[in-house]
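This report refers to the structure that appears directly beneath it.
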Amino acid sequence: MVPEYLIPYIAYVAALVICGVAIWKGDRPLKLAATVLIVAWAITPIFMGSGRHVVDYPITIIDTNTAVIMVWISMRWRKVWCAILAALTILLVLVPFVHLSDPGIHPYNRYAANNIISNFQLIVVAVATWLVRDRRRAGEGVLQP
């Protein structure tokens, strides 16, 4: 059994591995999206506030910039996984404001929502990496004119 205090570190290592493989094996939009995600996740702990406020403004600014970049990637390359990743990032931006608008929501529910959305982002990046790899393997046997 893994001690509770190690779970965030294991999650960061998993995110680093998944995004690292995406950067290594992916196409241009996947490399860019994985880089943006891993940089955003890496700098988030640096700017975390005291936690006394419902909306942590530096984190909201980081998440908003990440969402804007993801929407740009989605509109630039028009891939389904890009759109899903952009939608999940927009949801991450909205979670603190939903918590702010309804005081009956417990803070742990907000943290759980953030974790679930982040895990879905990692799943999308992993599936996109797998699809890009399979597409490249399928094209290896085809002769190009």
Side-chain angles (χ1 to χ4, degrees), residues 1-140:
M1 197 72 183
V2 177
E4 287 182 14
Y5 62 88
L6 289 179
I7 291 175
Y9 298 108
I10 293 169
Y12 274 121
V13 168
L16 186 62
V17 167
I18 291 172
C19 290
V21 170
I23 292 168
W24 179 37
K25 294 285 188 181
D27 54 355
R28 187 164 181 220
L30 185 57
K31 287 179 181 184
L32 186 59
T35 303
V36 168
L37 278 179
I38 203 65
V39 167
W41 287 337
I43 65 173
T44 295
I46 296 170
F47 293 105
M48 277 191 171
S50 61
R52 293 186 301 190
H53 305 289
V54 175
V55 179
D56 199 359
Y57 293 108
I59 304 304
T60 304
I61 291 169
I62 292 169
D63 288 345
T64 303
N65 288 332
T66 304
V68 167
I69 293 170
M70 291 299 171
V71 168
W72 175 78
I73 292 170
S74 174
M75 292 175 66
R76 170 73 170 85
W77 279 279
R78 300 186 185 272
K79 297 187 180 208
V80 174
W81 67 265
C82 290
I84 294 170
L85 199 57
L88 289 170
T89 310
I90 291 170
L91 285 177
L92 273 178
V93 173
L94 294 177
V95 165
F97 294 107
V98 170
H99 183 227
L100 180 66
S101 67
D102 187 4
I105 297 175
H106 197 275
Y108 290 123
N109 295 339
R110 174 184 166 196
Y111 302 143
N114 276 334
N115 288 338
I116 290 169
I117 294 169
S118 297
N119 287 334
F120 277 129
Q121 284 179 322
L122 284 177
I123 290 169
V124 168
V125 170
V127 168
T129 304
W130 179 63
L131 290 173
V132 167
R133 191 185 117 251
D134 279 355
R135 192 176 321 123
R136 283 187 182 159
R137 280 189 174 175
E140 286 176 357

Nearest non-hydrogen partners of Met75 and Arg78, listed with the distance: O-CG, 3.6 Å

Atom CD1 of Ile38 and atom CD1 of Ile18: how far apart are they, to the nearest 0.5 Å? 9.5 Å

Residues 64-95 vs ring pair (Phe, Tyr, Trp, His ring centres under 6.0 Å), sequence neighbours excluded, gives Trp72-Trp77

Mind jotting down which residue pairs meet the salt bridge (Lys or Arg N to Asp or Glu O under 4.0 Å) criterion with at least one end in residues 64-77? Sequence neighbours excluded, please. none

In the structure I gave you, are the side-chain heavy atoms of Trp130 and Asp134 within less than 4.5 Å of one another anywhere? yes

Side chain of Thr64, backbone of Thr60: donor and acceptor closer than 3.5 Å? yes

Spacing of Ile59 atom CD1 and Asn114 atom CG [to the nearest 0.5 Å]: 10.0 Å

From SG (Cys19) to OH (Tyr12), nearest 0.5 Å: 12.0 Å

Give me each pair satisfying side chain to side chain donor-acceptor pair (under 3.5 Å) with a member in residues 100-109, each pair once, sequence neighbours excluded. none

Leu30 versus Val132, closest heavy-atom pair with distance: CD2-CG2, 4.2 Å

Not counting sequence neighbours, which residues clear side-chain contact (heavy atoms from CB on, under 4.5 Å) with Pro58? List them please. Phe47, Asp56

Tightest non-hydrogen contact, residues Cys82 and Ser74, listed as CB-CA, 3.6 Å

From OH (Tyr57) to CD1 (Ile62), nearest 0.5 Å: 15.0 Å

Who pairs with Lys31 by side chain to side chain donor-acceptor pair (under 3.5 Å), at least two apart in sequence or on another chain? none

Name every donor-acceptor pair, under 3.5 Å, that has one atom in a side chain of residues 84-94 and the other anywhere in the protein, sequence neighbours excluded.
residue, atom, partner, partner atom, Å
Thr89, OG1, Leu85, O, 2.7
Thr89, OG1, Gln121, NE2, 3.0

Who pairs with Ala113 by side-chain contact (heavy atoms from CB on, under 4.5 Å), at least two apart in sequence or on another chain? Val95

Got a sec, which residues hit side-chain contact (heavy atoms from CB on, under 4.5 Å) with Pro3, two or more places apart in sequence or on another chain? Tyr5, Leu6

How would you list, by chain and number, every residue that makes a side-chain contact (heavy atoms from CB on, under 4.5 Å) with Ile69, sequence neighbours excluded? Val36, Ile73

Sorted by first residue and then second, give each side chain to side chain donor-acceptor pair (under 3.5 Å) pair with at least one member in residues 14-30; sequence neighbours left out. Asp27-Lys79

